[in-house]
Amino acid sequence: MAIKLIIFDFDGVIADTWEHAYQMNVFDWPHLKPEEHRKFFNGNIFEEIAKMPPSSRTPNEKTKYLEEYYFPKKLEMQLFDGIVEVIKR
């Protein structure tokens, strides 16, 4: 059977998005330290974030941040060296 589709995880696989994700989480929790953010990735990130207190932002503030900053910046992320060649194979 021929392979018809290969799916890659973008964050941390194709591009180093750690700092970008950290800044998004600092938007929600302004006192979040980098080492606390790193712990999100030691297991299931969604379970770890669920342990956090409610965001300091309103849903409208969060939506505006995502639309005006987070998503546009993600489109500009630098890919890991050599990843394009790996994907092309």
Original post:
Should L66 and F10 be counted in the same cluster of Ile, Leu, Val, Met, Phe, Trp and Tyr side chains packed under 4.5 Å apart?
Top reply: no
Subject >> Electrostatic pair E48-K51, nearest N-O below 4.0 angstrom >> reply: yes
**OP:** Could you tell me the separation between the CG atom of N42 and the CD atom of E47, rounded to the nearest 0.5 Å?
**Re:** 12.5 Å
Original post:
Between N25 and I49, what is the shortest heavy-atom contact and its length?
Top reply: OD1-CD1, 4.4 Å
Subject >> CD/E35: more than 12 non-hydrogen atoms of other groups inside 6.0 Å >> reply: yes
Original post:
Side-chain contact, heavy-atom cut-off 4.5 Å: M52 with D28?
Top reply: no
**OP:** Tell me whether M24 is reachable from V26 by hopping between hydrophobic residues (I, L, V, M, F, W, Y) whose side-chain heavy atoms are closer than 4.5 Å.
**Re:** no
Subject >> Shared hydrophobic cluster, I45 / W18 (ILVMFWY, side-chain heavy atoms < 4.5 Å) >> reply: yes
Subject >> Within 6.0 angstrom of N44 CG, more than 12 heavy atoms from elsewhere >> reply: yes
Original post:
Of all heavy-atom pairs between P54 and W29, which one has the smallest distance, and what is that distance?
Top reply: O-NE1, 3.7 Å
Original post:
With a 4.0 Å cut-off, would you call E85 and K88 a salt bridge?
Top reply: no
Original post:
How are the rings of F40 and H37 set relative to one another: parallel (under 30°), tilted (30 to 60°) or perpendicular (over 60°)?
Top reply: perpendicular
Original post:
Does Y70 reach the main-chain N or O of Q23 with its side chain, forming a donor-acceptor pair under 3.5 Å?
Top reply: no
Original post:
So if you build clusters from Ile, Leu, Val, Met, Phe, Trp, Tyr with side-chain heavy-atom gaps below 4.5 Å, do F46 and L32 land together?
Top reply: yes
Subject >> Residues E36, K39; criterion salt bridge (Lys or Arg N to Asp or Glu O under 4.0 Å); working and verdict >> reply: CA-CA 5 Å; E36 294 170 318; K39 290 179 185 176; over 6 Å; no
Original post:
What's the shortest heavy-atom distance between D16 and M77, and which atoms?
Top reply: O-CE, 4.0 Å
Subject >> Atom pair OH (Y69) and CZ (F27), whose distance is rounded to the nearest 0.5 Å >> reply: 11.5 Å
